[in-house]
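Side-chain atoms are counted along with the backbone in the values below, which use heavy atoms only and exclude waters and symmetry mates. Every chain is numbered from 1 and lettered A, B, ... according to where its sequence line falls, protein lines coming before strand lines.
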Protein chains: 2
Amino acid sequence: MGGQRGVEPVNELAARTPLSEAQEDYLKQVLLLGSGGEGMGKLEDTLVVSTQDLADRMQVKPASVTGMLKKLSELGLVDYEAYRGVRLTVAGYKVALEVLRHHRLLEAYLHQALGYGWEEVHAEAEKLEHHISEAFEQRIAEWLGHPSHDPHGDTIPGANLELPQTTPNRRLAALKGGEYGMVARVATQDQDSLNLFAHLGLKPGAQIQLLEHVAEGSRVQVGRERYLLPLSLAQVLWIRPKGDCHVDHE
Amino acid sequence: MGGQRGVEPVNELAARTPLSEAQEDYLKQVLLLGSGGEGMGKLEDTLVVSTQDLADRMQVKPASVTGMLKKLSELGLVDYEAYRGVRLTVAGYKVALEVLRHHRLLEAYLHQALGYGWEEVHAEAEKLEHHISEAFEQRIAEWLGHPSHDPHGDTIPGANLELPQTTPNRRLAALKGGEYGMVARVATQDQDSLNLFAHLGLKPGAQIQLLEHVAEGSRVQVGRERYLLPLSLAQVLWIRPKGDCHVDHE
DNA sequence: TTATATTTTTAGGCTAGGCTAAACCATTTG
DNA sequence: CAAATGGTTTAGCCTAGCCTAAAAATATAA
C-alpha cells in the first residue's frame with residue numbers, strides 16, 4: 001500500500017460516517033478557538049489551536065484531547081502533529097460550520113419562536129445542536145426567514161455553509177473615550193456574564209457610549225444608566241462604532 | 001446493612017441521578033410493551049415484560065437487555081427477577097411517563113408548529129425526546145395549549161404526569177361488518193406502515209366504515225375509496241365507534 | 001416424568017471517551 | 001549551553017453499552 005503520491009489523499013470517505021457528539025464538539029471548538037474571538041472567518045484565517053486550550057474549553061483533561069485529536073486526524077478532519085497543535089481540514093471545517101449553523105439557528109428559533117430570553121438560549125442550543133435533522137434545520141431556517149445572525153450577534157453560516165458578510169466591529173475595550181456605537185455581538189458563553197449583560201440591557205442592537213477607560217475597566221453609558229464593566233467583559237462586547245465622539249448633547 | 005424492614009425502601013435517591021439516553025429508552029419500552037397495545041394506563045394495569053420482547057424493540061441482543069435490567073434494578077427503577085421478566089417501579093414509571101410526554105409533545109409541536117406530516121414526526125421526536133429541558137417542554141406545551149393527544153392519537157401525560165381521560169376504542173380488526181367510526185389512534189411506529197396510513201388518509205379523525213372481514217384482512221371504506229387492510233394493520237388502527245351499522249344511505 | 005426446545009443469563013470481549021501518573025519535548029532562564 | 005519549567009503525550013485503567021458463545025433455567029412434549 002505505499003505510494004499514494006499526490007498531495008492530499010486523506011480519508012475523505014470517513015467524513016461521511018456519522019460523527020459522535022463528542023467529535024462534533026471538538027471540531028466546533030477547534031474552529032471557535034482558531035478564530036480567536038473575531039467573528040469566525042475563512043478556514044485560511046484560522047489559527048493553530050493548542051491541546052491545553054481545547055482541554056479547558058471542553059472541560060476535559062489534556063490527555064483526553066490528545067486521544068480525540070488522533071482519532072479526528074485519522075478521519076481526515078483535522079491536521080494534527082504531536083506537540084504542534086491542531087487545525088481543521090476542509091472536511092473538518094465543513095462539519096464545524098454545520099454544527100455552528102445548527103447551534104445558532106436553534107438559538108434564534110428558541111428566542112423568536114418560543115420566547116426564550118436571548119441570554120438563555122445558549123445552553124439549550126448546545127444540547128440540541130447534535131440531534132436535529134437536516135429537515136428540522138431547514139424548517140426553522142425557513143420559519144425565521146433565513147437569518148444571518150443569532151441573538152448574540154454571531155453570524156449564522158448559510159445552508160451551503162457560506163459565511164455571511166461581516167462588518168468590522170471593535171471590542172468595547174478598544175473604543176476611545178466618547179465614542180458612540182451599537183452592541184453588535186456579545187461574544188461569551190459564560191452564563192453568568194450573559195445574565196449580567198442581559199440585566200444591564202447590553203444586548204445586540206443596544207446603543208451605547210464609551211465614557212472612559214479606567215484601571216478597573218471601562219465606563220459605559222447605556223440609555224441613561226452608567227456602568228463600569230471589568231476588562232474581561234469589555235473584551236467580549238463587540239461594538240459597531242456609530243457617529244464620532246462629542247455629539248450634540250451635554 | 002441487613003434489616004431495612006418495611007416494604008419498599010429501594011434506591012429512591014438514584015432516581016434523581018440523570019439517566020442516560022439508553023436507560024430512558026429501556027424504561028419507555030418497558031412501559032409501552034407492558035401496556036400491550038392498549039392506550040397505556042396506570043402502573044398497576046401493566047404487564048410483566050420479557051427480555052426477548054425488549055430486545056426486539058430495542059434492536060439489541062437479549063444478553064444486552066439483561067445487563068441493562070440489572071442496572072435499572074439497582075437504581076430502583078424496575079422490579080427485575082432473573083428469568084421472570086420485568087416491571088416498572090413507581091420511580092421508573094414516572095421516568096417513562098416523562099419521556100413519553102416529551103416524545104408526544106414534540107410530535108404535536110413538530111406537526112402543528114413546523115408543518116411536519118403526522119407520519120413524519122415520530123423519528124424526529126425519538127431523537128429529541130432525551131435532550132430537551134423542562135423549560136422547553138413547558139414552552140411547547142403552552143404553545144400547543146396543553147394538548148391531551150399527539151398527532152397519532154396517543155395520549156400525552158400531563159405536566160404532573162397524570163394520564164388524560166381515555167375513551168374506549170376498539171381495533172379496526174374487532175369491528176363488526178357495517179360499523180361506522182372515527183380513527184382515534186394509529187398505534188404503530190413502523191415508518192412504512194405510517195406512510196401507508198397517511199397515503200390512504202387514515203389519520204386520527206378520519207371517518208371510516210368497516211365493510212367486512214375477509215381472509216386477507218379487513219375491507220374498509222374511507223371517503224369514497226375502499227381498501228383492504230391486512231390484519232397486521234387492522235390491529236393497530238384504533239376506532240371510536242360512531243353510529244351503528246346500516247345508516248340512512250344505500 | 002424424562003427429554004427436548006426455548007429463553008435467559010453468564011462469561012469474556014470490544015469501542016468510545018473519559019481519567020491519572022509518568023515520561024517526554026520544547027522553551028525559557030541562568 | 002545546560003537546567004528548570006510547563007505543556008503534551010504515552011501507558012494503563014475505568015465505565016457504559018453493546019456483542020458472541022456457552023451455560024443454565026424454564027417451558028413443552030412424549
- Message: Check this one for me: any side-chain N or O of Ser64(A) less than 4.0 Å away from OP1 or OP2 of dC19(C)?
- Response: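 For dC19(C), OP1/OP2 do have a side-chain N/O of Ser64(A) under 4.0 Å.
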- Under 4.0 Å between a side-chain N or O of Thr51(A) and OP1 or OP2 of dG7(D)?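 Looking at the OP1 and OP2 atoms of dG7(D), neither is under 4.0 Å from any side-chain N or O of Thr51(A).
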- Note on the structure: Among the nucleotides dC19(D), dG17(C), dG17(D), whichever has the atom closest to the side chain of Val60(B) is dC19(D)
Return yes if a side-chain donor-acceptor contact under 3.5 Å exists between [X] and [Y], otherwise no.
X: His111(A); Y: Glu120(A); answer: no
X: Asp25(B); Y: Gln29(B); answer: no
X: His131(A); Y: Glu21(B); answer: no

Report the distance from atom [atom1] of [X] to atom [atom2] of [N], rounded to the nearest whole Å.
X: Asp56(A); N: dG6(D); atom1: CG; atom2: C1'; result: 14 Å
X: Lys61(A); N: dC14(D); atom1: NZ; atom2: P; result: 19 Å
X: Met68(A); N: dC19(C); atom1: CE; atom2: P; result: 12 Å
X: Gln52(B); N: dA5(C); atom1: CD; atom2: P; result: 18 Å
X: Leu75(B); N: dA16(D); atom1: CG; atom2: C1'; result: 12 Å
X: Gln29(B); N: dG17(D); atom1: CD; atom2: C1'; result: 17 Å
X: Leu54(B); N: dG17(D); atom1: CG; atom2: P; result: 14 Å
X: Leu69(A); N: dG17(C); atom1: CG; atom2: P; result: 12 Å

Would you check if [X] and [Y] make a side-chain contact, meaning some heavy-atom pair closer than 4.5 Å?
X: Leu233(A); Y: Leu172(A); result: no
X: Tyr80(B); Y: Leu72(B); result: no
X: Phe136(A); Y: Leu106(A); result: yes

What are the atom names and distances for every N/O pair under 3.5 Å that joins the protein to nucleotides 22-25 of chain D?
| unit_1 | atom_1 | unit_2 | atom_2 | d |
| --- | --- | --- | --- | --- |
| dA25(D) | O4' | Tyr83(B) | OH | 3.4 |

Quick test: give all pairs of protein nitrogen or oxygen and nucleotides 10-14 of chain C nitrogen or oxygen below 3.5 Å, distance rounded to 0.1 Å.
| unit_1 | atom_1 | unit_2 | atom_2 | d |
| --- | --- | --- | --- | --- |
| dT10(C) | OP2 | Lys70(B) | NZ | 2.6 |

- Item | Closest-nucleotide 5' rank along DNA chain C - winner of Arg84(A) and Ala22(A) | Ala22(A)
- Item | Matching residue for Val30(B) among Val48(B), Leu77(B), Leu88(B) - test: side chain to side chain contact (heavy atoms under 4.5 Å, CB included) |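 The passing option is Leu88(B).
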- Message: Which residue in the set Glu98(B), His122(B), His130(B) passes side chain to side chain contact (heavy atoms under 4.5 Å, CB included) when paired with His103(B)?
- Response: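 Running side chain to side chain contact (heavy atoms under 4.5 Å, CB included) over Glu98(B), His122(B), His130(B) with His103(B) returns exactly one hit, His122(B).
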- Which heavy atom of Leu114(A) sits nearest a heavy atom of Arg139(B), and at what distance? O-CD, 3.2 Å
